[in-house]
2 protein chains.
Amino acid sequence: MDLDIVEISKVLSNQARVDILTWLKDPEKHFPPHRELGHFNDGVCVDHIRRKAGLSQSTISHYLNMMYKAGLIAPTRYGKWTYFKRNEETIQQYREEINNI
Amino acid sequence: MDLDIVEISKVLSNQARVDILTWLKDPEKHFPPHRELGHFNDGVCVDHIRRKAGLSQSTISHYLNMMYKAGLIAPTRYGKWTYFKRNEETIQQYREEINNI
DNA sequence: TCAACATATCGATATATTTCGATATATAAT
DNA sequence: ATTATATATCGAAATATATCGATATGTTGA
């Protein structure tokens with residue numbers, strides 16, 4: 001699992017994606033509760049992220065997918081909802097790479 | 001001095017620029033000595049970086065300029081040579097920002 | 001002053017990213 | 001079955017980035 005620092009840096013080259021990543025750090029603070037789920041254990045649903053970011057649904061879906069492919073977030077599907085939460089392991093690995101840069 | 005995390009991430013979104021930054025960490029290891037200057041106290045001249053990276057002179061100049069504008073490196077001019085060295089302060093600030101992400 | 005050299009800037013083209021609306025897919029509710 | 005809802009994918013246009021060769025600028029040395 002060698003981290004691709006360039007790929008992760010591309011994710012972080014966009015303010016909306018940086019915002020999403022930091023919002024997901026503390027969902028209670030940044031998002032309304034999920035109606036169907038009483039918690040944020042698996043992260044936040046795409047629609048909440050879309051509303052908060054103010055971007056189109058397709059753009060958000062695309063951003064989340066690239067963040068997922070870079071290993072920064074992980075999806076969980078419950079019925080028709082997809083929840084995304086941070087993948088702290090990759091984030092920590094990126095921190096360590098940056099510490100060596 | 002609020003660090004622009006997006007701007008710095010853009011710099012790091014390219015392998016050649018990441019390489020340059022890491023090479024500059026240990027010039028003795030990565031570059032031949034300067035003919036006119038017996039040291040790397042002010043960093044490494046553009047032409048050495050160009051040779052090592054294998055990119056055109058204009059591309060290297062452009063990269064170094066964007067790295068400079070992001071605050072990651074600092075130039076020193078001696079005669080016709082420009083030497084670039086790392087700006088550890090900004091690099092450290094970026095590390096700290098990433099630690100909070 | 002002039003030629004040679006190091007670097008910066010300009011202009012151009014190819015590729016990548018951003019962002020959207022439209023459409024497809026999957027699930028849930030009626 | 002049909003409709004409504006959530007998300008994903010597709011196709012496209014606008015903008016940005018990558019990268020080069022050519023040219024300009026500044027400096028040194030003959």
Side-chain angles (χ1 to χ4, degrees), chain A residues 4-21 24 31-37 40 42-70 72-85, chain B residues 4-21 24 31-37 40 42-70 72-85:
Chain A
D4 189 339
I5 195 174
V6 167
E7 191 184 3
I8 293 182
S9 297
K10 282 183 187 174
V11 169
L12 302 180
S13 295
N14 176 288
Q15 190 62 54
R17 292 189 298 256
V18 171
D19 289 344
I20 290 170
L21 206 57
L24 290 180
F31 299 99
H34 288 129
R35 268 169 302 152
E36 334 67 29
L37 225 59
F40 291 108
D42 296 294
V44 179
C45 72
V46 176
D47 199 56
H48 280 180
I49 297 170
R50 178 190 66 74
R51 287 171 192 276
K52 177 91 176 170
L55 291 165
S56 76
Q57 189 270 320
S58 59
T59 298
I60 289 296
S61 187
H62 176 215
Y63 281 8
L64 293 173
N65 188 247
M66 75 179 280
M67 293 168 78
Y68 163 64
K69 283 195 286 190
L72 291 169
I73 59 176
T76 303
R77 184 119 195 183
Y78 284 121
K80 57 184 170 179
W81 289 275
T82 307
Y83 299 86
F84 282 95
K85 71 174 168 193
Chain B
D4 188 339
I5 194 173
V6 167
E7 191 183 3
I8 293 182
S9 296
K10 282 183 188 176
V11 169
L12 302 180
S13 295
N14 175 289
Q15 190 62 54
R17 292 189 298 256
V18 172
D19 289 344
I20 290 169
L21 207 57
L24 290 180
F31 299 98
H34 287 130
R35 267 170 303 152
E36 331 68 31
L37 225 61
F40 292 108
D42 296 294
V44 179
C45 72
V46 176
D47 199 54
H48 280 179
I49 298 171
R50 177 190 67 75
R51 287 171 192 276
K52 176 91 175 172
L55 290 166
S56 77
Q57 190 269 321
S58 59
T59 298
I60 289 296
S61 187
H62 176 217
Y63 281 8
L64 293 173
N65 188 248
M66 75 178 279
M67 292 168 78
Y68 163 63
K69 284 193 286 191
L72 291 168
I73 58 176
T76 304
R77 184 120 195 183
Y78 285 120
K80 56 184 169 180
W81 289 275
T82 308
Y83 300 86
F84 281 94
K85 71 174 169 193

| CD of A/E36 versus C1' of C/dA29: gap in Å, rounded? | 14 Å
| said: From CG of A/L12 over to C1' of C/dT18, roughly how many Å is that when rounded to an integer? | reply: 16 Å
| note | The ring-ring contact (aromatic ring centres under 6.0 Å, His included) partner of A/H34 among A/Y78, A/Y83, A/W81 is A/Y83
| Think A/T59 has a side-chain N or O under 4.0 angstrom from the OP1 or OP2 of C/dT19? | no
| More 5' along DNA chain C: A/Y78 or A/G54, using each one's nearest nucleotide? | A/G54
Could you give the side-chain donor-acceptor pairs of residues 7-21 of chain B under 3.5 Å, partners two or more places apart or in another chain?
| from | atom 1 | to | atom 2 | distance (Å) |
| --- | --- | --- | --- | --- |
| B/S9 | OG | A/L12 | O | 3.4 |
| B/S9 | OG | B/I5 | O | 2.8 |
| B/S9 | OG | B/Y94 | OH | 3.0 |
| B/S13 | OG | A/S9 | O | 3.4 |
| B/S13 | OG | A/K10 | N | 3.4 |
| B/S13 | OG | A/S13 | OG | 2.8 |
| B/S13 | OG | B/S9 | O | 2.8 |
| B/N14 | OD1 | B/A16 | N | 2.9 |
| B/N14 | OD1 | B/R17 | N | 3.2 |
| B/N14 | ND2 | B/Y63 | OH | 3.2 |
| B/Q15 | NE2 | B/D19 | OD1 | 3.0 |
| B/R17 | NE | B/V11 | O | 2.9 |
| B/R17 | NH2 | B/K10 | O | 3.0 |

| Do you know which two heavy atoms are closest between A/I60 and A/I49, and how far apart they sit? | CG2-CG2, 4.2 Å
| said: Looking only at the side chains, is there a donor atom on one of B/S56 and B/T59 sitting less than 3.5 Å from an acceptor on the other? | reply: yes
| remark: Between NZ of B/K10 and C1' of C/dA16 the distance, given in whole Å, is 13 Å
| message | Does C/dT18 have OP1 or OP2 under 4.0 Å away from a side-chain N or O of A/R17? | response | yes
| request: Check the distance between C/dC20's C1' and A/Q57's CD and give it to me in whole angstrom. | output: 11 Å
| field | Nearest-0.5 Å distance, NZ of residue B/K80 to CD of residue B/E36 | value | 8.5 Å
| Gap between atoms CZ and P, on A/R50 and C/dT19 respectively (whole Å) | 16 Å
| note | Whole-Å distance, B/Y63 OH to C/dT7 P, equals 18 Å
| Earliest and latest nucleotide of DNA chain D, 5' to 3', sitting under 4.0 Å from a non-hydrogen atom of chain A? | D/dT5 to D/dT9
| message | Taking the side chain as everything from C-beta on, heavy atoms only, tell me whether B/V46 gets closer than 4.5 Å to B/F84. | response | yes
| task | Respond yes when some side-chain nitrogen or oxygen of A/N14 is under 4.0 Å from OP1 or OP2 of C/dT18, and no when none is. | result | yes
| message | In whole Å, I'd like the distance from the CD1 atom of B/I60 to the P atom of C/dT7. | response | 11 Å
| Any B/T82 side-chain nitrogen or oxygen under 4.0 Å from OP1 or OP2 of C/dA6 | no
| Residue met sooner reading DNA chain C from 5', once A/S56 and B/D47 are mapped to nucleotides | B/D47
| query | Once you round it to whole Å, what is the distance between P of C/dT7 and CZ of B/R77? | reply | 8 Å
| Once the angle between the rings of B/F31 and B/F40 is folded into 0 to 90°, is it parallel (under 30°), tilted (30 to 60°) or perpendicular (over 60°)? | tilted
